[in-house]
Chemist: 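Please find one structure pasted underneath; my questions will follow.
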Amino acid sequence: MIDSVPESALPAAAPALRQRLLAWYERERRDLPWRRRSDAYAIWVSEIMLQQTTVQTVVPYWRRFLELFPNVRSLANADLDAVLGAWSGLGYSRRARMLHAAAKRIVNERGGRLPQTLEGWRALPGVGSYTAAAIGSIALGLPSPAIDGNVQRVLTRLTKTGGDPRRTAVARRLESLARSLIDEDRPGEFNQALMELGAMVCLPRRPSCPSCPWGTSCAARRDGVVEDYPQLAPARPAVTVVRGAVRLFNGRGRVLLTRVAPGEPNQGLLELPGTVLYHGRSDHPAHAPRRWCPELALQLRDRLASEKRLFVEIGSLLRRVRHGITHHRITVYLTQAEAVARVPSGKAWCWVDPRRLSGLPLTGVTRRLLESG
DNA sequence: AAGCCGTGGTT
DNA sequence: TAACCAAGGCT
């Protein structure tokens, strides 16, 4: 269902809305490192990192990444492991693979020249409609609306547009709205201002309507229903996962890691040897084990032996880490272990100095399990 | 087009 | 604690 205010009202108000938004943005904009850059490469990297990831998390990663890979050629020439290592902890490592693949394609097929059109960007792996519009407007001055979750929230509230904005029909309506609002002379500023408004003022919960430059024009605020928008569909129930992992040292104080097999989550990254001990929907009557126990230790030992040919005796519990992912709730128990047979070797296994983890392509959980403890 | 990706932060 | 959210894209 889509109910909204008459759209004819909006184009007339567009110039005033534009002016108020841009004036607010000029005053309130955060000093983010990529906002000091105008080259498409720096903007591109920031936009890929910012997909489903908060600004606060991205900033240090972006700085390190641009020091390691200052331009598209250095990124294209880098080993995938180095790129994944720089990404480790940021999540959704597929973004890093696609960024690396896109850099290679730019160097190999375009002589290292970055695209200068929306279609050119859109054709690269990892660049969808939002990211293409963001790069296009910010780095190239193209007048294309960049519509992310923030912008969806602002626009559904401004116009009381009902329905889930992630659905195609609603998204099209919002895009049409944004197109009628965008400042064609300063599209990059406009897009960033709209996203900034969503990130700083028009918050999902407890928005700061009194300080909003659009507050007097907002239909949802006028009717006192701001927090009823956007009308997102309820999320699916989460999946509960319990996992066991072992910390096994060799004689030189190095810890055993294994390469995640293709087809598994986090494939290609390094993780502590382990296995899934429980996997189920959390809306079912929970059978998920609630605490570490000898039965789980035996199961972990047997499955490491049968699945990975790693033969150990399980020692004491070292720590428990909870990991909340979109619709996964993961609990990992890390135990000590002693090898009782020769440890496998080969490409899937490696021993690393636990003091030298930075730069390794670790999974997020492994990074947390190994840090300071 | 609907589900998946199994991240980190806030409330 | 657990739900919800974030500068989404891919299949």
Side-chain angles (χ1 to χ4, degrees), chain A residues 29-30 32 34-35 43-62 87-99 101-102 121-135 137-138 145-154 164-171 188 191-200 202-207 227 230 232-243 260 263-267 269 271 274 276 279 282-283 286 290 321-332 362-368:
Chain A
R29 60 182 279 171
R30 289 170 289 180
L32 304 176
W34 46 88
R35 286 186 176 158
I43 305 300
W44 174 33
V45 173
S46 77
E47 290 298 341
I48 300 297
M49 288 187 169
L50 286 162
Q51 291 169 3
Q52 300 295 101
T53 310
T54 55
V55 164
Q56 178 190 342
T57 304
V58 165
V59 168
Y61 281 90
W62 183 88
W87 206 272
S88 174
L90 199 50
Y92 293 125
S93 62
R94 191 176 57 154
R95 293 182 294 171
R97 298 174 200 284
M98 292 190 291
L99 182 62
W121 279 105
R122 186 69 181 74
L124 292 172
V127 180
S129 57
Y130 160 77
T131 303
I135 298 170
S137 63
I138 296 169
I147 303 179
D148 66 345
N150 285 314
V151 174
Q152 288 175 345
R153 188 168 56 253
V154 172
D164 189 330
R166 294 170 296 195
R167 294 184 48 195
T168 310
V170 183
N191 282 336
Q192 291 183 84
L194 198 43
M195 291 188 273
E196 190 88 338
L197 187 64
M200 305 300 289
C202 195
L203 304 174
R205 279 169 288 186
R206 302 186 54 184
E227 294 199 48
L232 298 175
R236 286 174 302 127
V239 173
T240 298
V241 177
V242 175
R243 196 180 168 84
V260 178
E264 291 182 26
N266 282 322
Q267 68 173 69
L269 300 186
E271 66 176 3
V276 173
H279 189 286
S282 61
D283 61 338
R290 284 295 202 175
V321 166
R322 291 183 193 274
H323 213 54
I325 315 299
T326 315
H327 54 281
H328 294 261
R329 293 186 33 73
I330 304 157
T331 303
V332 186
L362 307 179
T363 69
V365 167
T366 295
R367 187 164 292 284
R368 288 180 57 195

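Protein chains get the first letters and strands the later ones, always in sequence-line order, with residue 1 at the start of each.
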Chemist: Given C:dC5, C:dG8, B:dG6, which nucleotide is nearest the side-chain atoms of A:Arg94?
Modeler: C:dG8

Chemist: Report the distance from atom CD1 of A:Ile330 to atom C1' of B:dG8, rounded to the nearest whole Å.
Modeler: 12 Å

Chemist: Check whether any side-chain nitrogen or oxygen of A:Arg205 sits under 4.0 Å from OP1 or OP2 of B:dT10, and answer yes or no.
Modeler: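 No, A:Arg205 has no side-chain N/O under 4.0 Å of OP1/OP2 on B:dT10.
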
Chemist: Relative to the 5' end of DNA chain C, which residue comes earlier, A:Gly126 or A:Glu47, by the nucleotide with the nearest heavy atom?
Modeler: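 The residue closer to the strand's 5' end, by nearest nucleotide, is A:Glu47.
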
Chemist: Report the residue (A:Val55 or A:Leu124) whose heavy-atom-nearest nucleotide on DNA chain C is the more 5′ of the two.
Modeler: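 Looking at DNA chain C, the more 5' nearest nucleotide goes with A:Val55.
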
Chemist: Quick one: is B:dG8 close enough that its OP1 or OP2 comes under 4.0 Å of any side-chain N or O from A:His323?
Modeler: yes

Chemist: Heavy atoms only, 4.0 Å cut-off, all strands: where does A:Leu32 land among base, sugar-phosphate and nothing?
Modeler: base

Chemist: Would you mind reading off the distance between A:Asn266 atom CG and B:dC5 atom P, rounded to a whole angstrom?
Modeler: 10 Å

Chemist: For the pair A:Arg29 and A:Glu196, find out whether any cationic side-chain nitrogen is under 4.0 Å from an anionic carboxylate oxygen.
Modeler: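 The answer is no: the pair does not qualify as a salt bridge.
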
Chemist: OP1 or OP2 of B:dG8 sitting under 4.0 Å from any side-chain N/O of A:Gln52?
Modeler: no

Chemist: Ignoring backbone atoms, establish whether A:His328 has a side-chain N or O less than 4.0 Å from OP1 or OP2 of B:dC5.
Modeler: yes

Chemist: Rounded to whole Å, please give me the gap between CG in A:Leu50 and P in C:dG8.
Modeler: 8 Å

Chemist: Quantified in whole Å, what is the P atom distance between nucleotide B:dG6 and nucleotide C:dC4?
Modeler: 22 Å

Chemist: Between B:dG8, C:dG9, B:dC4, which one does the side chain of A:His327 approach most closely?
Modeler: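 Looking only at heavy atoms from C-beta outward on A:His327, the closest nucleotide is B:dC4.
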
Chemist: Please list, chain by chain and in numerical order, all residues satisfying side-chain contact (heavy atoms from CB on, under 4.5 Å) with A:Val59, sequence neighbours excluded.
Modeler: A:Pro33, A:Trp34, A:Val55, A:Arg63

Chemist: So, for A:Ala238 and A:Arg329, which heavy atoms are closest and what is the spacing to 0.1 Å?
Modeler: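 Taking A:Ala238 first and A:Arg329 second, the nearest heavy atoms are CB-CG, 4.1 Å.
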
Chemist: Can you name the nearest heavy-atom pair linking A:Val151 to A:Asp148, along with the distance?
Modeler: N-OD1, 2.9 Å

Chemist: Under 4.0 Å from OP1 or OP2 of B:dT10: is there any side-chain N or O of A:Thr54 that close?
Modeler: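 A:Thr54 to B:dT10 OP1/OP2: no side-chain N or O under 4.0 Å.
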
Chemist: Tell me which nucleotide among B:dG6, C:dA2, B:dC5 gets nearest to the side chain of A:Arg290.
Modeler: C:dA2

Chemist: Compare the minimum distances between each of B:dG6, C:dC4, C:dG9 and the side chain of A:Tyr130, then state the nucleotide with the smallest one.
Modeler: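 Nearest to the side-chain atoms of A:Tyr130, counting from C-beta on, is C:dG9.
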
Chemist: So, does A:Arg322 get its side chain near the phosphate of C:dT1, meaning an N or O under 4.0 Å from OP1 or OP2?
Modeler: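 So the side chain of A:Arg322 is within the cut-off, an N or O lying under 4.0 Å from OP1 or OP2 of C:dT1.
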
Chemist: Could you tell me the separation between the CH2 atom of A:Trp87 and the P atom of B:dC5, rounded to a whole number of Å?
Modeler: 19 Å

Chemist: Quickly, which of A:Arg368, A:Arg367, A:Arg243 forms a salt bridge (charged side-chain N to carboxylate O under 4.0 Å, His left out) with A:Glu271? Name it, please.
Modeler: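 Only one of A:Arg368, A:Arg367, A:Arg243 forms a salt bridge (charged side-chain N to carboxylate O under 4.0 Å, His left out) with A:Glu271, namely A:Arg243.
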
Chemist: Does A:Thr168 or A:Val241 map to a spot on DNA chain B nearer the 5' end, using the closest nucleotide for each?
Modeler: A:Thr168

Chemist: Side chain of A:Pro265: nearest nucleotide among C:dC4, B:dG6, B:dC5?
Modeler: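 So the nucleotide nearest the side chain must be B:dG6.
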
Chemist: Mapping A:Gln56 and A:Tyr92 to their closest nucleotides on DNA chain B, which lands nearer the 5' end?
Modeler: A:Tyr92

Chemist: Suppose we screen for side-chain contact (heavy atoms from CB on, under 4.5 Å). Which residues come up paired with A:Tyr92, at least two apart in sequence or across chains?
Modeler: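 With neighbours one apart ignored, the set is A:Gln52, A:Arg95, A:Thr326.
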
Chemist: With a 4.0 Å cut-off on heavy atoms, is A:Trp34 in touch with a base, just the backbone sugar-phosphate, or nothing at all?
Modeler: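 Base, at least one base atom sits under 4.0 Å.
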
Chemist: Whole-Å distance between B:dG9 P and A:Leu90 CG?
Modeler: 11 Å

